[in-house]
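Accompanying notes for the structure given below.
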2 protein chains.
Amino acid sequence: MIVCASVNAVVYIERNFWDVREQDTTREKKSVVGELGSGMSVSDRKKKQIIEAAIAEFQEKGYAGTSMDRISERAQVSKRTVYNHFESKEVLFHEINQFLVDQVNSALEIPYDNTKPIREMLMELGWAEGALLINPCFMNLARMVMSETIRDPALAADMESRMTLQSDFEAVLRRATEEGRLSVDDPAVAAKQFLGLIKSRGFFPNLYAARVPDRAEIDKIIAESVDMFMAKYSKEPTRAG
Amino acid sequence: MIVCASVNAVVYIERNFWDVREQDTTREKKSVVGELGSGMSVSDRKKKQIIEAAIAEFQEKGYAGTSMDRISERAQVSKRTVYNHFESKEVLFHEINQFLVDQVNSALEIPYDNTKPIREMLMELGWAEGALLINPCFMNLARMVMSETIRDPALAADMESRMTLQSDFEAVLRRATEEGRLSVDDPAVAAKQFLGLIKSRGFFPNLYAARVPDRAEIDKIIAESVDMFMAKYSKEPTRAG
DNA sequence: ATCATTAAACTGCACGGTGTAGTTTACTTC
DNA sequence: GAAGTAAACTACACCGTGCAGTTTAATGAT
């Protein structure tokens with residue numbers, strides 16, 4: 001049980017945190033304050049407050065721009081308590097990153113349903129990525145991680161590999177080709193192209209513009225990416241109108 | 001006359017600084033030290049040293065990680081002299097950014113030659129972008145700028161618009177369609193797709209991995225992008241082997 | 001050609017002010 | 001008494017300034 005504190009709101013997440021497909025905005029969302037009393041030790045409660053505050057601060061100001069004083073203030077906790085839970089600023093930052101990235105990983109699943117038309121299947125495949133792009137929590141995390149790892153190539157590579165869907169896409173494309181539904185000679189290249197078409201328009205521009213695209217926007221991008229992908233890799237070339 | 005100080009080397013540039021197509025690695029490269037005596041006042045010389053040092057430091061450590069003390073030390077100049085030339089750290093940073101970005105802009109030109117086969121023309125078009133990607137100076141600049149602007153959306157948008165080839169690509173695609181050489185319904189989307197195919201594989205991964213790709217690597221990416229682009233947008237669908 | 005003069009730029013160092021990571025201490029609450 | 005709190009404190013790094021003294025280069029006089 002953890003929260004994603006975005007700039008404007010604190011959204012509650014329980015299990016399938018990142019899986020937007022299961023998120024229901026009408027579902028009850030206990031406020032952070034409302035949750036506080038139940039079944040948590042004081043220590044755990046404080047720790048949770050610290051984590052929430054730290055996520056918010058790091059995402060808003062970045063690592064260097066965030067001070068431990070402000071975190072403790074925002075968490076309504078004394079600075080010493082922060083240090084009782086996390087031995088240093090760096091440890092706090094890395095534990096949070098670790099945790100959030102793990103959340104992303106555990107929630108991801110790539111669909112493959114060979115009974116559906118190939119176009120529809122590709123759309124769903126594209127939406128596995130697209131679901132992340134319209135999730136404010138994910139975009140905030142991505143901005144935080146990527147702004148801090150751009151000067152740390154090793155860490156950047158690690159994060160990249162853990163947050164990308166590359167290998168899963170490859171597997172699906174390979175299988176679809178084996179089943180004669182696509183004609184992909186190099187699944188690695190094709191997967192990069194497909195993801196690249198989506199990310200270059202739906203991810204990076206928004207990452208730097210600090211905005212979150214809406215469903216319609218991403219749907220258009222995915223549809224156009226599928227069109228292009230199919231023009232190149234479908235069994236019999238279809239020109240989509 | 002200015003230099004691009006990369007992490008490992010200081011490369012001399014005279015006019016067509018960014019235009020890798022004209023760069024000749026065998027051409028004489030005066031060392032910075034060798035150049036020092038000739039025709040520059042002491043003041044100009046010192047200023048140049050400061051700029052070189054600042055570029056290197058900012059690119060290696062980022063804005064926050066760079067101290068004016070280290071810049072002065074690296075430039076072999078007193079700290080006071082740095083402040084005589086640049087009134088603050090921020091001014092120094094922005095003047096450098098401004099200058100480098102202007103260099104990029106002035107060197108860019110998008111080819112359009114309708115006597116060449118369409119595939120060849122697209123390859124050249126792709127290489128207009130590719131030339132930047134294999135240029136260490138450009139990649140270092142991009143890393144510096146993007147790492148600092150990710151928390152400043154307005155500046156990021158400005159930089160993006162000034163460093164992207166989007167509109168030029170659009171114009172070329174529109175013209176090629178008018179001349180019946182391509183069948184592009186939406187030039188804006190098509191330009192984004194084409195550039196996206198290239199950048200998502202040749203730019204962003206390398207930006208974060210802190211590496212510079214070589215010609216062969218980029219050539220493969222561009223060729224595969226052209227293949228895909230043509231599968232969707234060429235007059236008569238060609239399946240490239 | 002050689003020497004003095006002069007202005008501008010550079011040096012080196014110390015210093016004020018600020019921000020921040022992390023620690024200590026004395027006090028409170030459960 | 002275990003954990004939290006508030007506030008002061010240490011140690012340090014950094015930006016930017018002031019200043020006394022030195023270098024540089026150009027000018028002009030001898």
Nearest-neighbour nucleotide for the A/S78 side chain, D/dC15, C/dC10, D/dT5 considered: D/dT5
Closest to side chain of B/R70, choosing from D/dC14, C/dC10, D/dT5: D/dC14
[X] has an atom [atom1]; how far is it from atom [atom2] of [N], in whole Å?
| X | N | atom1 | atom2 | result |
| --- | --- | --- | --- | --- |
| B/Q49 | C/dA9 | CD | C1' | 14 Å |
| A/D69 | D/dA6 | CG | C1' | 12 Å |
| A/H85 | C/dG22 | NE2 | P | 16 Å |
| A/N84 | D/dA3 | CG | P | 9 Å |
| B/Y83 | C/dG16 | OH | C1' | 14 Å |
| B/F86 | D/dT17 | CZ | P | 15 Å |
| A/K46 | D/dA6 | NZ | C1' | 13 Å |
| B/E87 | D/dG18 | CD | P | 14 Å |

Atom of B/F169, atom of B/A191 and distance for their closest heavy-atom approach: CB-CB, 3.9 Å
Heavy-atom pair of closest approach, residues A/I150 and B/S147: CG2-CB, 3.4 Å
hbond_proxy A/K79 side chain to C/dG22 base (donor-acceptor, 3.5 Å cutoff): yes
Check: C/dG22 base within 3.5 Å donor-acceptor of A/R80 side chain: no
Cation over ring face, A/K89 and A/Y63, 6.0 Å, 45°: yes
Touch class at under 4.0 angstrom, heavy-atom based, for B/T66 against every strand present: sugar-phosphate
Presence of A/T81 side-chain N/O under 4.0 Å of D/dT5 phosphate oxygens OP1/OP2: yes
Non-hydrogen side-chain atoms of B/R74 and B/I71 separated by less than 4.5 Å: no
Flag, side chain of A/T66 to backbone of A/E57, donor-acceptor distance under 3.5 Å: yes
